Amino acid sequence: MGILDGKVALVTGAARGIGRAIAERLAAEGADIALCDLKEEWLADTAEAVAGAGRRAIRVAADVGNAAGVQAAVDKVVQELGRVDILVNNAGITRDGFLVRMSEEDWDAVLSVNLKGAFLFTRAVARPMMKQRSGVIVNIASIIGLIGNAGQCNYAASKAGLIALTKSCAKELAGRNVRVNAVAPGFIQTKMTDVLAEDVKKKMLDAIPMNRFGTSEDIANAVLFLASEQSAYMTGQVLSVNGGMVMM
Ligand code: NAI
């Protein structure tokens with residue numbers, strides 16, 4: 001018996017890192033999972049892990065920033081798995097650079113994936129969720145969306161926007177029993193952060209009271225809580241998971 005038995009979850013950016021860990025965690029608690037990423041073949045390992053947990057996995061290729069692709073992805077999930085109970089907007093990218101050198105292209109790319117992508121998927125699942133009078137949406141924001149960061153104005157703006165989107169959608173959908181919350185991870189060890197210079201990582205580590213970087217599983221556990229009935233009275237909230245790096 002899992003706490004998500006009978007549920008269907010859709011996880012974006014599920015090919016690797018935090019998205020993959022979320023898909024595996026939700027499957028371990030009984031959910032069937034629709035996995036979304038840019039290329040279907042990138043999702044093979046995650047799909048295998050979900051199947052290994054005894055749950056159904058379907059793979060959908062979509063660029064989260066493309067409206068037609070997102071609608072087609074949600075239609076496919078509803079057709080093949082019958083419904084969507086849980087949406088996790090996890091796909092995200094960085095294109096770091098200082099403000100004065102930030103290209104319009106890098107600004108648009110980050111806003112398209114991190115913010116517009118969540119808007120498009122939320123809009124696409126909102127109708128079926130409102131109809132079934134239940135649903136849970138979890139947006140993966142970032143500590144950077146709360147405090148800002150030099151060299152990441154595009155990323156910080158996208159994640160702050162995602163938090164505002166979370167709160168607005170929470171207010172709109174609460175009356176239909178659809179909850180919308182966000183997780184704000186701190187520094188998590190994934191391919192996204194592997195590329196940072198060692199001295200940057202050392203500085204980050206020094207700022208973390210728990211003296212370790214987070215794991216994808218740390219974030220997946222927070223998502224599981226927000227996706228389950230354990231958080232039934234929570235909506236419009238931002239759950240910080242950062243080893244104490246920022247306390248607000
Ligand atoms: P990652 O780079 O390892 O994985 C991101 C996944 O999203 C990849 O599988 C990628 O193919 C997919 N993706 C990228 N663009 C896409 C698009 N247009 N359409 C569909 N899929 C797309 O990153 P990681 O670290 O697992 O990050 C996951 C989420 O967590 C992101 O939203 C990120 O901003 C957020 N986050 C990560 C932190 C960290 O320290 N790693 C800290 C705070 C937030």
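Given the structure is predicted, the values throughout are model-derived calculations rather than measurements. Counting convention: from 1, in listed order, for ligands and their atoms alike.
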Legend entry - SB check Lys202 Asp206 (cutoff 4.0 Å): yes
Inset, instruction - Mind checking whether Gln189 contacts ligand 1 via backbone (N, CA, C, O), side chain (CB onward), both or neither, at a 4.0 Å heavy-atom cut-off? - result: neither
Legend entry - Residues Thr166 and Asn139: side-chain donor-acceptor under 3.5 angstrom: yes
Inset, instruction - Using a strict 4.0 Å cut-off to heavy atoms of Phe187, name the atoms of ligand 1 that fall inside it. - result: 40 (O)
Inset, instruction - Mark the output for Phe213 as yes if a heavy-atom distance to ligand 1 is under 4.0 Å, and as no if none is. - result: no
Legend entry - Gln79 and Asp75: side chain donor to acceptor below 3.5 Å: no
Inset, instruction - Would you indicate which of Lys116, Lys39, Arg16 comes nearest to atom 2 (O) of ligand 1 when only heavy atoms are counted? - result: Arg16
Inset, instruction - Considering heavy atoms of the protein only, find what lies nearest to atom 23 (O) of ligand 1 and give residue, atom and distance to 0.1 Å. - result: Met192 CB, 3.6 Å
Inset, instruction - Return the residue, atom name and 0.1 Å-rounded distance of the protein heavy atom closest to atom 36 (N) of ligand 1. - result: Tyr155 OH, 3.5 Å
Inset, instruction - Please determine if Arg20 and Glu24 form a salt bridge, counting it only when a charged side-chain N lies under 4.0 Å from a carboxylate O. - result: yes
Legend entry - For Leu162 against Ala141, the heavy-atom pair lying closest together: CD2-CA, 3.9 Å
Legend entry - Contacting atoms of ligand 1, where contact means under 4.0 angstrom from a heavy atom of Gly186: 40 (O), 42 (C), 43 (C)
Inset, instruction - Do me a favour and list the nearest non-hydrogen protein atom to atom 40 (O) of ligand 1 with residue, atom name and distance? - result: Ile188 N, 2.8 Å
Legend entry - Test item, Ser216 contacting ligand 1 (heavy atom, 4.0 angstrom): no
Legend entry - No-hydrogen, no-angle side-chain donor-acceptor test under 3.5 Å, Asn181 and Gln237: no
Inset, instruction - List the atom of Ala184, the atom of Val238, and the distance in Å for their closest heavy-atom pair. - result: CB-CG1, 3.7 Å
Inset, instruction - Please identify which atoms of ligand 1 are closer than 4.0 Å to at least one heavy atom of Ala91. - result: 7 (O), 21 (N), 22 (C), 32 (O)
Inset, instruction - Indicate the atoms forming the closest heavy-atom contact of Asp218 with Val241, along with that distance. - result: O-CG1, 4.1 Å
Inset, instruction - Please write down residue, atom name and distance for the protein heavy atom closest to atom 37 (C) of ligand 1. - result: Ile18 CD1, 3.7 Å
Legend entry - Part of Ala184 with heavy atoms under 4.0 Å of ligand 1, whether side chain, backbone, both or neither: neither
Legend entry - Nearest heavy-atom neighbours spanning Ala73 and Ala62: CB-CB, 4.2 Å
Legend entry - Atoms in ligand 1 with a heavy atom of Ile93 nearer than 4.0 Å: 14 (C), 15 (N)
Legend entry - Result of checking Arg55, Arg83, Lys7 against Asp32 for side chain to side chain donor-acceptor pair (under 3.5 Å): Arg55
Inset, instruction - Pick, from Gly92, Gly19, Ala73, the option with the minimum heavy-atom distance to atom 5 (C) of ligand 1. - result: Gly92
Legend entry - Under 4.0 Å to a heavy atom of Ala15 - the qualifying atoms of ligand 1, by number: 9 (O)
Inset, instruction - Among all protein heavy atoms, pick out the one at the shortest distance from atom 32 (O) of ligand 1; state its residue, atom name and that distance to 0.1 Å. - result: Asn90 O, 2.7 Å
Inset, instruction - Return a yes/no value for Lys159: is any of its N or O atoms, backbone included, closer than 3.5 angstrom to an N or O of ligand 1? - result: yes
Inset, instruction - Taking only heavy atoms of Trp42 into account, list the atoms of ligand 1 that are under 4.0 Å away from them. - result: 11 (O)
Legend entry - Within reach of ligand 1, part of Val64 (heavy-atom separation under 4.0 Å): both
Inset, instruction - Using a 4.0 Å heavy-atom cut-off, say whether Asp63 meets ligand 1 through its side chain, its backbone, both or neither. - result: both
Inset, instruction - Just go through Ala62, Gly65, Gly214, Cys36 and tell me whose heavy atom is the nearest to atom 20 (C) of ligand 1. - result: Ala62
Inset, instruction - Pick one of side chain, backbone, both or neither for how Thr190 approaches ligand 1, counting any non-hydrogen atom pair under 4.0 Å. - result: side chain
Legend entry - Contact atoms of ligand 1, heavy-atom distance to Gly17 under 4.0 Å: 26 (O)
Legend entry - Hphob cluster co-occupancy, Ile208 + Leu239, side-chain heavy atoms under 4.5 angstrom: no
Legend entry - Passing option when Met129 is tested against Asp85, Thr122, Ile137 for side chain to side chain contact (heavy atoms under 4.5 Å, CB included): Ile137
Legend entry - Hphob cluster co-occupancy, Leu87 + Leu115, side-chain heavy atoms under 4.5 angstrom: yes
Legend entry - Closest non-hydrogen atom pair, Ala109 against Ile93: O-CD1, 3.6 Å
Legend entry - Sub-4.0 Å atoms of ligand 1 with respect to non-hydrogen atoms of Gly13: 6 (C), 7 (O), 9 (O), 12 (C)
Legend entry - Residue and atom name of the nearest protein heavy atom (relative to atom 44 (C) of ligand 1), distance in Å to one decimal: Ala141 O, 3.2 Å
Legend entry - Shortest heavy-atom approach to atom 35 (C) of ligand 1 - which of Val183, Ile140, Ile219, Thr12: Ile140
Inset, instruction - Consider ligand 1: state whether an atom of it lies below 4.0 angstrom from any non-hydrogen atom of Ser112. - result: no
Legend entry - Test: Lys116 and Asp63 ion pair at under 4.0 Å: no
Legend entry - For atom 10 (C) of ligand 1, the protein heavy atom that lies nearest, with its residue and separation: Asp37 OD1, 3.5 Å
Legend entry - Side-chain ion pair, Asp106 and Arg95, N-O less than 4.0 Å: yes
